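Proteins come first, then strands; the chains are lettered A, B, ... in the order of their sequence lines, and each starts at number 1. What you are looking at is a predicted structure, and each value in this text was computed from that prediction instead of being measured.
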There are 2 protein chains.
Amino acid sequence: MLSQVAPSEDLVFFRPHQFLARENEQPDGLFHIQEGWACRYRMLSNGRRQITALYLPGDCCEPCWALGRPSTQPVVALTNIRAKKAPCRMSGALFADSRQSFWKSLADSYERQANWLVTLGRKTAMERLSHLLLELFERMRQSGLAYGQQCALPLTQMDIADITGLTPVHVNRTLQAMRARGLVELQAKWLRIPDLGILREIAALDATETLA
Amino acid sequence: MLSQVAPSEDLVFFRPHQFLARENEQPDGLFHIQEGWACRYRMLSNGRRQITALYLPGDCCEPCWALGRPSTQPVVALTNIRAKKAPCRMSGALFADSRQSFWKSLADSYERQANWLVTLGRKTAMERLSHLLLELFERMRQSGLAYGQQCALPLTQMDIADITGLTPVHVNRTLQAMRARGLVELQAKWLRIPDLGILREIAALDATETLA
DNA sequence: CGTATTTTTGACCGTTATCAAAAAGGGTGG
DNA sequence: CCACCCTTTTTGATAACGGTCAAAAATACG
């Protein structure tokens, strides 16, 4: 029901809308995402939803689980996903070799959250969208999944709204304004950023923000 | 210039507006705050500021520094501060005894950030303020610094605005509305919450949110 | 006391939300 | 290959929440 076990025993697959983790559950392992996207989120009354983390190919989902407390927010697949499941006993020697990469995942995730606090608290709609598109492109690029200045972006405008704290309607209108100014090309789940430098300026990003 | 060393060698003091850490600097130790409040933040153009973390008595400032990367956001004292400085060599045995408490600090901090992403992205002004006041009261209470249903709250309304992503004017008006409804009493840097349950409902908090 | 900071008030405005519906796109089965 | 359906994107009209600017009142501080 949750996932189908593949030929290799620690390889797992998910379909869109399937849960990688439910609220208040102690996951028994970390997922190393090999293909596909997932997100962590929280629902509020009135159907309001806020996405609090995105997991892309190459990402660890979810570093915090190794710190030994139940996940307080569900994680769900946004696309088809192929992932490798690794037990997460922090105290054990299991992270002996992957320790560096694990801590990097955790620190990256922590820092991204801090960056998004700034964006959600203080930035305009266009600044938020610029931040998101730049971050996603940069993360895809670092995983070798960008081609020139383009990459896949399998999010609906509603997903984007739930990440940026906007409404789908306003995301649509703001994206149109950005397209009209030649800042981004975004169609058919494919993103192209003609000029990274210009978009960075529009995103009002701090010079120190790596977006990794 | 940064701090004056006290009788005990690892005891340090700060005054309001003094930096505990500057942007892009690798702090050489963690602070265990004994008294006073501090915050981490980022400035944007137009003087916009967003506070991304608060450090209260009993808190570790800043868990992420032990993960071995420079702090990307400055940390500044909001009040007079007394703190104990401990070297942060994650790999060493230095955290042997405090390891549990360190990871708890890190996990708490991570989770609080995730909770605030939801609040900044999707909640109204009154929900944001309720969340903040409840969280601060709960954290003070867990440190034994609450008395009945009240505690110290040494923040200006401008600080509160920079935490909640609002303007000082709107914070003021929303607090007045909350006072008028008897939800909170807040004056002279002192907070009283007549009914925690009611305020929790107004904050639109998830049942799982501990606010610790 | 005098001064700087903080809180409060008022008038007005703008960005973004809301509601509703039409157009476009994508997948499936016949 | 087309017809159908569902999801997603787009458009329009209107409203609201919170922002902005300015100044007065209250408070804290030395």
If you restrict it to nitrogen or oxygen atoms, what contacts under 3.5 Å exist between nucleotides 11-14 of chain D and the protein, and what is each distance?
unit_1	atom_1	unit_2	atom_2	d
D/dT11	OP2	A/Gln176	OE1	2.4
D/dT11	OP2	A/Gln176	NE2	3.0
D/dG12	N7	A/Arg173	NH2	2.2
D/dG12	O6	A/Arg173	NH2	3.4
D/dA13	N6	A/Arg173	NH1	3.4

Worked verdict on B/Phe19 versus B/Phe14 for ring-ring contact (aromatic ring centres under 6.0 Å, His included):
CA-CA 8 Å; B/Phe19 285 96; B/Phe14 298 94; over 10 Å; no

A/Arg49 NZ/CZ over A/Tyr41 ring centroid, <6.0 Å and within 45° of normal
yes

For the pair A/Lys84 (side chain) and A/Asp10 (backbone), establish whether a donor and an acceptor sit closer than 3.5 Å, ignoring hydrogens and angles.
no

Base, sugar-phosphate alone, or nothing: which one does [X] contact when heavy atoms must sit under 4.0 Å apart?
X        : value
A/Thr124 : sugar-phosphate
B/Thr156 : sugar-phosphate
A/Arg122 : nothing

For [X] and [N], give me the distance from atom [atom1] to atom [atom2], rounded to whole Å.
X        : N      : atom1 : atom2 : value
A/Gln187 : C/dA24 : CD    : P     : 15 Å
A/His17  : D/dT7  : NE2   : C1'   : 10 Å
A/Trp190 : C/dG26 : CH2   : C1'   : 18 Å
A/His170 : C/dA20 : NE2   : P     : 21 Å
A/Leu153 : D/dT8  : CG    : P     : 15 Å
A/Leu129 : C/dT15 : CG    : C1'   : 14 Å
B/Leu175 : C/dT6  : CG    : P     : 15 Å
B/Asn80  : D/dC29 : CG    : P     : 11 Å

Hydrogens and angles aside, do B/Asp159 and B/Thr156 bring a side-chain donor and acceptor to less than 3.5 Å of each other?
yes

Modelled atom types, side-chain donor and acceptor of B/Thr119 and B/Arg128, under 3.5 Å
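No, no side-chain donor-acceptor pair sits under 3.5 Å.
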
Between B/Lys189 and A/Arg128, who's closer to the 5' end of DNA chain C by nearest nucleotide?
B/Lys189

Between the axis at one end of the helix from C/dC1-D/dG30 to C/dG30-D/dC1 and the axis at the other (five pairs apiece), what's the angle to 10 degrees?
60°

Winner on side-chain proximity to A/Leu166, out of C/dT8, C/dT16, C/dT18, is C/dT16

With a 4.5 Å heavy-atom cut-off, do A/Leu183 and A/Met126 have their side chains touching?
yes

Can you find a pair of side-chain heavy atoms, one from B/Leu30 and one from B/Lys85, that are under 4.5 Å apart?
no

Please check the phosphate of D/dT10 (OP1 and OP2 only) for any side-chain N or O of A/Gln157 closer than 4.0 Å.
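Looking at the OP1 and OP2 atoms of D/dT10, one of them is under 4.0 Å from a side-chain N or O of A/Gln157.
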
Decide side chain to side chain contact (heavy atoms under 4.5 Å, CB included) for A/Arg192 and A/Leu186; before the verdict, give the C-alpha distance in whole Å, the side-chain angles of both, and the deciding distance to 0.1 Å.
CA-CA 6 Å; A/Arg192 203 176 91 87; A/Leu186 179 54; over 6 Å; no

Just wondering, are more than 12 heavy atoms of other shown residues or ligands nearer than 6.0 Å to CD in A/Gln142?
yes

